[in-house]
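Everything on this sheet refers to the single structure shown next.
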Amino acid sequence: LGVGIALNASAYALMEAYLLRPLPYPEPQRLVRVETPVEAVSWTDTEEVFELALSTDLDGFTLLDGGPPEVVLGAWVTPTFFRFYGVHPALGRFFATEEAGSGGRPGAVISHDLWANRYNRDRNVLGRTLRVYSSERRSQVGGVEIIGVLPEDFWFPNGYTRVLLPMPEAGAVEFGRLRTDVPPRRAEALLTALARS
């Protein structure tokens with residue numbers, strides 16, 4: 001009986017979070033997920049369809065900064081990521097271009113959880129150099145500057161993402177915020193034409 005109650009409670013919690021409660025982003029009815037064949041359409045080529053488009057790429061990172069090494073889940077994201085979700089930093093700033101931070105180093109945005117647990121909520125974490133070793137992009141590793149901390153209640157694409165880095169190249173569009181004059185069916189037709197071309 002106890003197991004049955006626990007399973008029902010868990011199932012309801014998931015259903016309420018993903019199906020019943022509206023997405024905690026501005027105008028969620030205009031947000032769409034895009035699936036295109038073989039990365040046919042870049043997020044940079046969709047201005048006629050989306051006000052904002054983005055691409056992400058999950059990765060595993062090994063963090064070294066003087067403390068014990070730690071392996072965390074992270075993601076490479078396009079500079080439009082934060083505006084797309086309407087999120088504001090709890091501390092510092094977000095990267096707006098592919099290169100952020102001083103001296104041309106890319107900027108890293110860390111989760112509130114990582115800031116609280118690894119850095120003990122130290123506000124002086126901003127500007128600190130973090131050595132990041134990528135499991136997917138082995139040629140793109142090295143020192144990054146911590147420039148911002150995500151708010152505590154924000155998570156994407158899951159609650160375990162600890163580090164966000166700027167995507168170094170254009171990737172396939174994954175999510176888009178529809179323009180007000182482009183309904184979903186029109187968007188589908190435009191993206192299909194782009195993919196075919």
Side-chain angles (χ1 to χ4, degrees), residues 9-10 12-28 31 33 43 52-103 105-137 140-168 171 174-175 177:
S10 298
Y12 178 78
L14 287 169
M15 186 178 73
E16 197 240 351
Y18 291 100
L19 299 176
L20 302 179
R21 192 186 313 163
L23 293 172
Y25 312 125
E27 299 183 276
L31 303 184
R33 179 171 173 84
W43 69 275
L52 286 170
L54 67 89
S55 181
T56 63
D57 187 14
L58 289 178
D59 202 347
F61 297 124
T62 301
L63 308 182
L64 298 173
D65 59 355
E70 184 176 0
V71 178
V72 300
L73 181 64
W76 303 85
V77 300
T78 52
T80 53
F81 179 88
F82 307 104
R83 285 191 298 137
F84 180 88
Y85 287 109
V87 61
H88 301 284
L91 191 66
R93 62 184 176 84
F94 296 145
F95 45 82
T97 60
E98 292 188 3
E99 288 296 320
S102 62
R105 291 181 299 170
V109 176
I110 62 174
S111 71
H112 197 278
D113 180 73
L114 185 69
W115 176 59
N117 292 314
R118 188 174 179 90
Y119 300 105
N120 298 311
R121 299 178 185 267
D122 182 5
R123 299 182 70 86
N124 293 321
V125 72
L126 299 179
R128 186 168 177 170
T129 297
L130 176 64
R131 292 198 64 80
V132 176
Y133 291 84
S134 163
S135 63
E136 295 292 328
R137 301 166 187 253
Q140 295 162 19
V141 297
V144 297
E145 179 183 350
I146 299 175
I147 61 170
V149 176
L150 286 163
E152 187 171 8
D153 60 350
F154 179 79
W155 59 269
F156 178 89
N158 56 54
Y160 304 105
T161 304
R162 299 288 185 258
V163 177
L164 297 176
L165 291 174
M167 189 173 283
E174 291 182 64
F175 301 94
R177 180 178 291 277

Distance in Å, R162 CZ paired with N117 CG, rounded so as to fall on 0.5 Å steps = 7.5 Å

message = As a quick check of understanding, evaluate side-chain hydrogen bond (donor to acceptor under 3.5 Å, both in side chains) for D65 and T129, giving each step before the final call.
response = CA-CA 7 Å; D65 59 355; T129 297; over 6 Å; no

message = So which atom in G74 and which in T161 form the shortest heavy-atom distance, rounded to 0.1 Å?
response = CA-CG2, 4.0 Å

Pairwise side-chain contact, L150 with F94, heavy-atom cut-off 4.5 Å (strictly under) = yes

task = Using salt bridge (charged side-chain N to carboxylate O under 4.0 Å, His left out) as the criterion, list what pairs up with E70, not counting sequence neighbours.
result = R118

key: Which atom of A53 lies closest to which atom of T80, heavy atoms considered   = O-OG1, 2.6 Å

message = When you compare the side chain of V149 with that of Y119, does any pair of heavy atoms fall below 4.5 Å?
response = no

request  = Take W76 and F61, measure what ring pair (Phe, Tyr, Trp, His ring centres under 6.0 Å) needs, and give me the verdict at the end.
outcome  = CA-CA 11 Å; W76 303 85; F61 297 124; 5.7 Å; yes

request  = Carefully, step by step, assess V77 and L165 under the rule side chain to side chain contact (heavy atoms under 4.5 Å, CB included).
outcome  = CA-CA 6 Å; V77 300; L165 291 174; over 6 Å; no

request  = Would you check if the side chain of E174 reaches a backbone N or O of T56 as a donor-acceptor pair within less than 3.5 Å?
outcome  = yes

request  = Go through the steps to decide whether I146 and W115 satisfy the test side chain to side chain contact (heavy atoms under 4.5 Å, CB included), and finish with yes or no.
outcome  = CA-CA 10 Å; I146 299 175; W115 176 59; over 6 Å; no

query = Given the side-chain rings of F82 and F95, with only the six-membered ring counted for Trp, is the space between their centroids under 6.0 Å?
reply = yes

ask   = From L91 CG over to R121 CZ, what is the distance, rounded to the nearest 0.5 angstrom?
value = 11.0 Å

query = Between A90 and P151, what is the shortest heavy-atom contact and its length?
reply = CB-CA, 3.8 Å

ask   = Of the non-hydrogen atoms in L58 and A75, which two are nearest, and what is the gap between them?
value = CD2-CB, 4.1 Å

message = Tell me whether R123 at atom CZ has more than 12 heavy atoms from other residues, nucleotides or ligands lying less than 6.0 Å away.
response = no

task = Return the minimal non-hydrogen interatomic distance between L126 and G148, and the atom names on each side.
result = CD2-N, 3.7 Å

request  = Step by step, work out the side chain to side chain contact (heavy atoms under 4.5 Å, CB included) result for F84 and L31.
outcome  = CA-CA 9 Å; F84 180 88; L31 303 184; 3.6 Å; yes

inquiry  = Between S55 and T78 (side chain of the first, backbone of the second, donor and acceptor by atom type, cut-off under 3.5 Å), is there such a pair?
reply    = no

message = Which residue in the set V132, V71, V72 passes side chain to side chain contact (heavy atoms under 4.5 Å, CB included) when paired with T62?
response = V71

key: Student check: side-chain heavy atoms of L54 and Y85 closer than 4.5 Å   = yes

query = At their closest point, which heavy atom of L52 faces which heavy atom of R83, and how far apart are they?
reply = CD2-NH2, 3.4 Å

note = To the nearest 0.5 Å, atom CD1 of I147 lies from atom CD1 of I110 at 11.0 Å

task = Report the distance from atom CG of L114 to atom CG of L73, rounding to the nearest 0.5 Å.
result = 11.5 Å

